[in-house]
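Heads up, the thing below is written out as structure tokens.
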Amino acid sequence: MKDLLTPTIISAEPVHPDAPAAEHYPASNRHRVSSILEDENVRCFTDQVGHLYDLFNEASLETKPVDNATAEEVLRAATWWFLHGRMKLEPLLRTPSTLFSKMEDQIILIQVVTSLAKCLWLIETSKDKFLRDEGEPSLNKTGADKGEDAILSFRLALLPRIRWAIGLLYSQELFPISGQQLQNTNTLDSTIWIQYPPRTIDVRYILTGNYSDTAHQQCSLSEIFPLGDTSETFHYGGMHVELYLLAENSNSQQIKYPATLSIIRRRDEENISIVIGTQDGLIDLTISSKLGNHPTWDDVTWLNIITSLEVKLPTGFRLQIRCGCWDYKTLKGMYKYVNQTLYAFQKGLNEEVLCEMQVESTHLNYGQNLQTRIFPKEPIKNCTLRLFHIQPLQQTAAELRKVHRGFRIALLTPSTYKKTSVISQDFTSDEIIQFDFLKGDSVNKALKLKLNSENPEESLILSFSHYHERSNLLAHLTGTFVCEWEYIITQAQIHSFSIATVLESLNPRNIFDEVQWHSLKVIGRELTDFEVQKLERGYARPTASLRVILDSSQGRIADRINVGLGELKIRRNVIASGHELHVLRQEQDDMTVSISESLISSEIPRQMKTALEDIKRQSSIRTYTFHNLADLHHFQEAVTGFSVLFDSTVASFAISRRRMMVPIHKEWSIPHTRLQILKRGKMIQLAAFFEGFSHGKCMNFVLRETDVIKKTLKAGKTFLKIVDAKFSLPVGGKRGPGREMGFISLDLLDYPTEHDNILIGFATDRDLEMFCSVLPAAVRTK
């Protein structure tokens, strides 16, 4: 499909230097026709076909003598036969000779030569319509005669192309023709003027639904019969077609109009258009994506069985454009390719446009993978880039929510580039984003993105005109971009960070430890007034945009916390030194890991990808180690929504349990305990984390204003007793040996099945007083 936008060599611009586009020949700078007609190839060609001129003259006299035709009519006919010959020449250059017998080749070649001969005869016969003696124009140019100027300009653009086509016949050794083929004039088609049905109906009204002829007068010959690329349009090829006007509900009365169809694209538009014209000028029709006084592609139906396009006209009539089999395949393939290309640049299902920008230079390096080459291999300037966020909807137990599944970059070539091409590259959440900054003064605003982990040479190099454009794109890709409705909740320096699955050992050497993570920040969206009110009543914080960004000099992690109720659990270290917070996550596939390709070894990306696959299949534990306790508390509040009022280890923690059926209490004493008092809105919780306790590893329960809390003396030391506390038994003991049982959920508490006393002993009076000051209930002194 990649060659459909430049289907043949004939559709390209003439290789001869003096064959530019039509508007390059203003009427005020007329060229002498003889400079081209006296060309050696043209003169030899004329000598070979000169005996046909009398035949053409006789055929013309039967219908309309050339002397009676206007300059525009003659030029239309000459262009018609030139295009006819050029279109017939295409199969000879495109198709291997094995597909045609020599006789069929000769028949096509005779048609090519005859058509070009007709064109030359019309040009030479009508000299007096354009030139006086000494080469002065015969047309009386005035300020209102722009149409006459356009005719002269178009004629001067046609002549070099005639010379080019004749030269191509000689260069490809297709001419002169051996034998007597051109001598047998009985088999030649000498028609000059195409016969059309009588003008018994107003065809232009049927086509446009408008009696006004203004739109038709605005169409010039260069627009209806494009010869090649111009400063305003690209030309991709043409074909001869047959037009049939059909009634709305009937196919019985069919009126046939031979016409030419040209495929073009305006340089300021993205989609292709087709222009259709008849030799007599009765039908000049354009079909494009742009709305106007003409049909659009939405009005077209493709009829594969009869290789035709059916156009629904505003008057209720239908116009069938019947093509040859190859021409229909080419036209439909080109239309399909362009629309698929443009579709890849649009927002797809479950996608959201994050940003759009102009890229100064785009260079796609395919490496050895030539099979997927769909984009030019040379750098392209001024491509348009769009970054899409892939966010499908996922049904959870409680709600339907959007989840992150990666990004997609789409790059579209500018409309000033002839072949419309697009790059569409997914960066899914289970892939490592590998990037690099290119060094050097000339490319210091460039970004290199690796596209295929299996092919290290396949990469995309984007050069921007400003630094902030590169930074903006990279920030979106790596998850650090802060939108208008978001803000940085907290940020801090960290000592270390690690990720381990629950099936790994307690102190695994993880691939993420190979990178020195030095800082983090938490990004979330601004809460609405209603959400703030719910938060004050103790409801969970919305987490749709919540994410933790971890930075290092070698890469970045965007750890999204888009979780449901009770899916996020935490644990604080008890005995171990340092300020550690452990976060338990369920299976996760929305983490983004991006690394600088030049600053790490080649094995790290592969190992990180394996780690992401493990995280996707298993629950995992993140361990954040901070330099101070305040940073830990700010981070814990940012991810859980609970502010930390108290956080310290205690000298003792005991649970007094009643035995069943008898009034006897059994005390469970935990040797190592860390307590936290946490608050969100009106809800206050006590969280306890244990070490060395056989019955459990943690517990948490709600503290209320109605709780009875007393200070009591025991063995000369002051203890705090929570009388008849309502809680559930600690988890993580003999009932649950897994590592995940040592974590608590602050949003989804277990039902408080126990009503027993809890006795807490503090190491210092300062800890005791601080603990008492944050309790919701007053502490009674015994």
Side-chain angles (χ1 to χ4, degrees), residues 1-7 229 231-236 263-274 288-291 296-298 332-366 369 372-390 406-428 433 435 445-452 458-466 468-470 472-477 481:
M1 190 64 69
K2 65 179 181 180
D3 295 324
L4 286 177
L5 288 184
T6 52
D229 294 347
S231 62
E232 295 181 352
T233 60
F234 289 114
H235 179 244
Y236 299 105
I263 308 169
I264 64 169
R265 180 172 64 82
R266 293 187 59 86
R267 293 177 184 257
D268 57 351
E269 296 179 4
E270 294 178 338
N271 209 339
I272 60 172
S273 304
I274 58 174
S288 70
S289 298
K290 189 175 182 180
L291 296 177
T296 65
W297 287 112
D298 294 335
K332 186 176 182 180
M334 189 181 302
Y335 174 79
K336 183 178 179 181
Y337 167 81
V338 173
N339 280 272
Q340 286 179 344
T341 299
L342 297 177
Y343 180 79
F345 193 64
Q346 302 301 319
K347 181 180 70 171
L349 182 66
N350 300 322
E351 289 185 343
E352 176 187 355
V353 180
L354 291 183
C355 64
E356 180 175 335
M357 63 185 71
Q358 293 293 120
V359 181
E360 191 175 72
S361 177
T362 302
H363 185 198
L364 180 60
N365 185 4
Y366 288 92
N369 191 7
T372 59
R373 178 165 290 179
I374 57 174
F375 201 80
K377 62 180 180 180
E378 69 275 5
I380 304 297
K381 293 185 177 296
N382 300 322
C383 289
T384 303
L385 181 148
R386 284 180 182 169
L387 180 65
F388 301 95
H389 190 190
I390 306 173
F407 302 96
R408 181 170 70 90
I409 284 182
L411 281 150
L412 181 68
T413 52
S415 59
T416 54
Y417 195 79
K418 185 168 185 178
K419 181 177 179 180
T420 303
S421 301
V422 70
I423 303 172
S424 181
Q425 178 66 36
D426 289 342
F427 293 88
T428 57
I433 298 177
F435 67 92
K445 303 169 189 174
L447 175 66
K448 179 182 178 182
L449 293 172
K450 192 172 181 180
L451 302 182
N452 188 351
E458 191 171 339
S459 61
L460 178 64
I461 299 177
L462 306 173
S463 298
F464 300 90
S465 56
H466 300 287
H468 74 272
E469 293 176 340
R470 183 182 70 177
N472 186 27
L473 175 62
L474 193 59
H476 276 102
L477 270 178
F481 186 82

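One is the number of the first residue; the rest follow in order along the sequence.
- Glu356 pairs by the salt bridge (charged side-chain N to carboxylate O under 4.0 Å, His left out) definition with Arg386, not counting sequence neighbours.
- Residues that satisfy the side chain to side chain donor-acceptor pair (under 3.5 Å) test with His363, not counting sequence neighbours, are absent from this structure.
- Note that CZ of Phe481 and SG of Cys355 are 8.0 Å apart. Values are rounded to the nearest 0.5 Å.
- In this view, Asn350 and Pro392 satisfy the side chain to side chain contact (heavy atoms under 4.5 Å, CB included) rule, not counting sequence neighbours.
- Tyr337 places a side-chain N or O within 3.5 Å of a backbone atom of Thr420 that can act as its donor or acceptor partner.
- Taken to the nearest 0.5 Å, the OG atom of Ser273 stands 11.0 Å off from the OH atom of Tyr335.
- In this structure, Lys381 has no side chain to side chain contact (heavy atoms under 4.5 Å, CB included) partners at least two apart in sequence or on a different chain.
- Atom CG of residue Leu474 and atom CG of residue Leu387 lie 10.5 Å apart, to the nearest 0.5 angstrom.
- Contact record, Cys383 with Thr413: SG-CA, 3.9 Å, taken as the closest heavy-atom pair.
- The shortest heavy-atom contact between Ala344 and Val422 is CB-CG1, 4.0 Å.
- Taking the side chain as every heavy atom from C-beta outward, Leu364 and Leu411 never approach each other to under 4.5 Å.
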**Prompt:** Can Leu449 and Leu477 be said to form a side chain to side chain contact (heavy atoms under 4.5 Å, CB included), step by step?
**Reply:** CA-CA 11 Å; Leu449 293 172; Leu477 270 178; 4.0 Å; yes
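- With hydrogens and angles disregarded, a donor-acceptor distance shorter than 3.5 Å links the side chain of Arg265 to the backbone of Glu269.
- For Ser424, the side chain to side chain donor-acceptor pair (under 3.5 Å) test picks out Arg408, with sequence neighbours left out.
- Side-chain contact check for Tyr417 versus Pro376: some heavy-atom pair is nearer than 4.5 Å.
- With rounding to the nearest 0.5 angstrom, the CD atom of Glu458 is 10.5 Å from the NZ atom of Lys450.
- In this structure Glu270 satisfies the salt bridge (charged side-chain N to carboxylate O under 4.0 Å, His left out) test with no other residue, sequence neighbours excluded.
- Of all non-hydrogen atoms in Phe435 and Leu447, the two that sit nearest each other are CB-CD1, 4.1 Å.
- Of the inter-residue distances, the one linking Ile409 atom CD1 with Leu354 atom CG reads 10.5 Å to the nearest 0.5 angstrom.
- In terms of the ring-ring contact (aromatic ring centres under 6.0 Å, His included) criterion, Phe345 has no residue partners (sequence neighbours excluded).
- For the ring-ring contact (aromatic ring centres under 6.0 Å, His included) test, residues two or more places apart in sequence or in another chain that qualify with His389 are His404, Phe407.
- Of all heavy-atom pairs between Leu473 and Phe464, the closest is CD2-CZ, 3.7 Å.
- Taken to the nearest 0.5 Å, the OG atom of Ser415 stands 6.5 Å off from the CG atom of Asp268.
- Residues passing the salt bridge (charged side-chain N to carboxylate O under 4.0 Å, His left out) test with Asp298: none are found, sequence neighbours excluded.
- Under the salt bridge (charged side-chain N to carboxylate O under 4.0 Å, His left out) criterion, Arg267 pairs with no residue at all, not counting sequence neighbours.
- Contact between Pro414 and Ile380 at its shortest, heavy atoms only, is CD-CG2, 3.8 Å.
- With sequence neighbours left out, Gln358 forms a side chain to side chain donor-acceptor pair (under 3.5 Å) with Thr384.
- Side chain of Trp297 to backbone of Ile272: a donor-acceptor contact under 3.5 angstrom is found.
- Shown here are the side chain to side chain contact (heavy atoms under 4.5 Å, CB included) partners of His468, two or more places apart in sequence or in another chain: His466.
- Looking at Lys418, its side chain does come within 3.5 Å of a backbone N or O of His235 through a donor-acceptor pair.
- For the pair Leu451 and Phe427, the minimum side-chain heavy-atom distance is below 4.5 Å.
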